[in-house]
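Structure first, then comments.
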Amino acid sequence: MTASSSIPASVPVPRAPFAAFADPALGRLHPEPESAHRAPFARDRDRILHSEAFRRLKHKTQVFIDPHGDHIRTRLTHTLEVAQAARALARRLGLDEDLAEATALAHDLGHAPFGHAGEEALNEVMAPWGGFDHNAQAIRILTALERRYADFDGLNLHLTTLEAVAKHNGPLLRPGESLDALPWALREAAQRIDFDPWRQSSAEAQCAAIADDLAYNTHDLEDGLRAELFTLDDLKPLPLIGACLGEIDRLRPGLDPERRRHEALRRMFGRLMEDAVKESLRRIAEVAPQGPEDVRAAPFPLVDFSPHVRSELKAIQQFLFKQVYRHYKVRRMAAKGQRALREAFDLFLADPLLLPEDWRGPGPESGGSGAERARRAADYLAGMTDRFALEEHRRLTDPGFRA
């Protein structure tokens, strides 16, 4: 074990022997000189940060479609919170912070407009052509759809970074499953990139996954409170947040509601982080990995919450599912978004000339095979912001809309 949870977080932790490194033998899909002033994973982080797909996250749904108010999370602010937590966790464990941050910044690039509701709609219409999966779409963006460089499509990230993004939620396949079980975009990418889909991801990718869980479980509670879908007192029976509320009420009785909310959620976030550090160090000590390959070969993730906290988070997620994700106000907006995507997809599939010129395929009349036409339509729609998707739907269906 290379670190201890008893060491103050301000004290630098030595680099762990199992931290990922940019193996020159793997390199990038398209050979290019490495940066003279940035490490490979830092360069990848910067490329993601400057991509168009990353900027579009600003106007993509996290939970609330077209939220009113300046403080409700979008997909971009969620991503930034995940990146901060992933980097902090990697630092405490002696891992490569740049890779953890790059993975976190890229982990939601493939999300369609309207959040998971939009993904459900695209997966439905794309069912005859391999479906749609936001994680697989992120790899498609990183390897093909971003067009910024003269010599290649995509961002030409290091293959270790691409593997981390693809597998940040764990192995892509169960033992015995074939590559045919992969989502379409990942199956296509796997012809060029060895994702080793049956094994664990790097420890840095695991940091990004835990940071994602940590971020959305806390900020979805806060956003639900801001949207007045429930009250702080409704959270008292829940584990974790209920204990934090009780602690605040005991120590600071009469605290104003806004500070009370912030203090409770801040404490919950901190406790989740400390649990993740403590449990990860325990697992690392148990497995004693000597290199990155030992992390991938481990029988379970080395970065995770404890089983007790996992069960407490499950109770919070059940509350969020009932009180937020299935709330009629949220579902109404989600249904509007899904309808817009389905109808726009059908129109683009029937007539590829409705697509902007740079999204059409070869042969202006046919637009290529049915699968090619469908994939171009899905790529175009998936890249949209919520606002643009609604406007594009109106352009296609409302004769009076001229914008």
Side-chain angles (χ1 to χ4, degrees), residues 29-30 47-48 50-61 75 106 108-115 117-156 183-189 192 337-399 401-403:
L29 284 173
H30 307 279
R47 286 185 170 184
I48 294 164
H50 289 280
S51 68
E52 290 186 358
F54 184 80
R55 291 197 295 277
R56 287 196 296 268
L57 297 178
K58 177 182 178 182
H59 294 295
K60 286 198 175 191
T61 289
R75 190 65 63 179
D108 270 356
L109 288 182
H111 261 293
F114 316 119
E119 180 174 12
E120 290 171 6
L122 286 183
N123 187 47
E124 175 187 311
V125 297
M126 284 297 297
W129 301 282
F132 179 89
D133 174 84
H134 80 268
N135 192 47
Q137 190 70 9
I139 296 299
R140 186 160 169 78
I141 288 168
L142 295 173
T143 59
L145 296 182
E146 279 284 327
R147 297 185 173 98
R148 302 172 56 83
Y149 300 95
D151 297 327
F152 49 80
D153 290 337
L155 300 184
N156 199 32
W184 177 86
L186 283 177
R187 191 164 67 248
E188 181 193 52
R192 297 170 293 155
Q338 288 181 320
R339 177 183 176 185
L341 289 178
R342 292 189 189 104
E343 291 182 357
F345 177 86
D346 289 343
L347 290 167
F348 289 140
L349 185 64
D351 185 359
L353 293 179
L354 294 176
L355 285 165
E357 289 186 7
D358 56 345
W359 281 95
R360 299 174 197 165
E365 294 182 0
S366 68
S369 69
E372 291 169 337
R373 292 162 63 177
R375 186 58 58 183
R376 279 195 298 275
D379 285 341
Y380 180 54
L381 290 167
M384 293 179 180
T385 63
D386 295 10
R387 182 190 311 164
F388 185 79
L390 293 173
E391 289 179 353
E392 190 76 336
H393 179 257
R394 287 190 64 192
R395 290 187 190 97
L396 292 167
T397 60
D398 183 354
F401 188 70
R402 294 286 185 266

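Counting begins at 1 with the first residue of the sequence.
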Electrostatic pair E392-R395, nearest N-O below 4.0 angstrom: yes
Interatomic distance, H111 atom NE2 to I141 atom CD1 [nearest 0.5 angstrom]: 10.5 Å
Validation row: R192, L29 side chains within 4.5 angstrom (heavy atoms): yes
Residues which pass side-chain contact (heavy atoms from CB on, under 4.5 Å) with P356, listed by chain and number, not counting sequence neighbours: D358, W359, Y380
Under the salt bridge (charged side-chain N to carboxylate O under 4.0 Å, His left out) test, residues paired with D346 that sit two or more places apart: none
Rounded distance (nearest 0.5 Å) linking atom CZ of R55 with atom OG1 of T385: 13.0 Å
Closest non-hydrogen atom pair between D153 and A144, with its separation: CB-O, 3.3 Å
Heavy-atom donor-acceptor pair, R75 side chain to H59 backbone, under 3.5 Å: no
For L155 against S51, the heavy-atom pair lying closest together: CD1-CB, 4.2 Å
Pair E119-D133, side-chain contact (heavy atoms from CB on, under 4.5 Å): steps then yes or no: CA-CA 7 Å; E119 180 174 12; D133 174 84; 4.1 Å; yes
D386 side chain vs K60 backbone, donor-acceptor pair below 3.5 Å: no
Y149 six-ring face occupied by R47 cation (under 6.0 Å, within 45°): yes
Pairwise distance CZ(F345) to CZ(R373) - rounded to 0.5 angstrom: 10.0 Å
CG-CD1 distance between L109 and I48, expressed to the nearest 0.5 angstrom: 6.5 Å
From CZ (R394) to CZ (F401), nearest 0.5 Å: 4.5 Å
N-O pairing of R339 and E343 below 4.0 Å: yes
Heavy atoms from other residues, nucleotides or ligands near CZ of R148 exceed 12 (cutoff 6.0 Å): yes
Audit row: R140, W184, side-chain contact (heavy atoms from CB on, under 4.5 Å) steps and yes/no: CA-CA 10 Å; R140 186 160 169 78; W184 177 86; 3.6 Å; yes
Minimum-distance pair of heavy atoms, taken over all atoms of L347 and L354: O-CD1, 3.6 Å
Worked check of side-chain contact (heavy atoms from CB on, under 4.5 Å) between D398 and H393: CA-CA 8 Å; D398 183 354; H393 179 257; over 6 Å; no
Side-chain donor or acceptor of E146 paired with backbone N/O of E52 under 3.5 Å: yes
Residues M384, R56; criterion side-chain contact (heavy atoms from CB on, under 4.5 Å); working and verdict: CA-CA 7 Å; M384 293 179 180; R56 287 196 296 268; over 6 Å; no
For the student: nearest non-hydrogen atoms of A138 and A106, plus distance: CB-O, 4.0 Å
Expected output: side-chain Q338 to main-chain A117 donor-acceptor under 3.5 Å: yes
Where Q137 and L145 come nearest, the two heavy atoms and their spacing: NE2-CD1, 3.6 Å
Atom pair CZ/CZ of F348 and R360 - distance to nearest 0.5 Å: 10.5 Å
Minimum heavy-atom distance between P113 and L381, given as atom pair plus value: CD-O, 3.3 Å
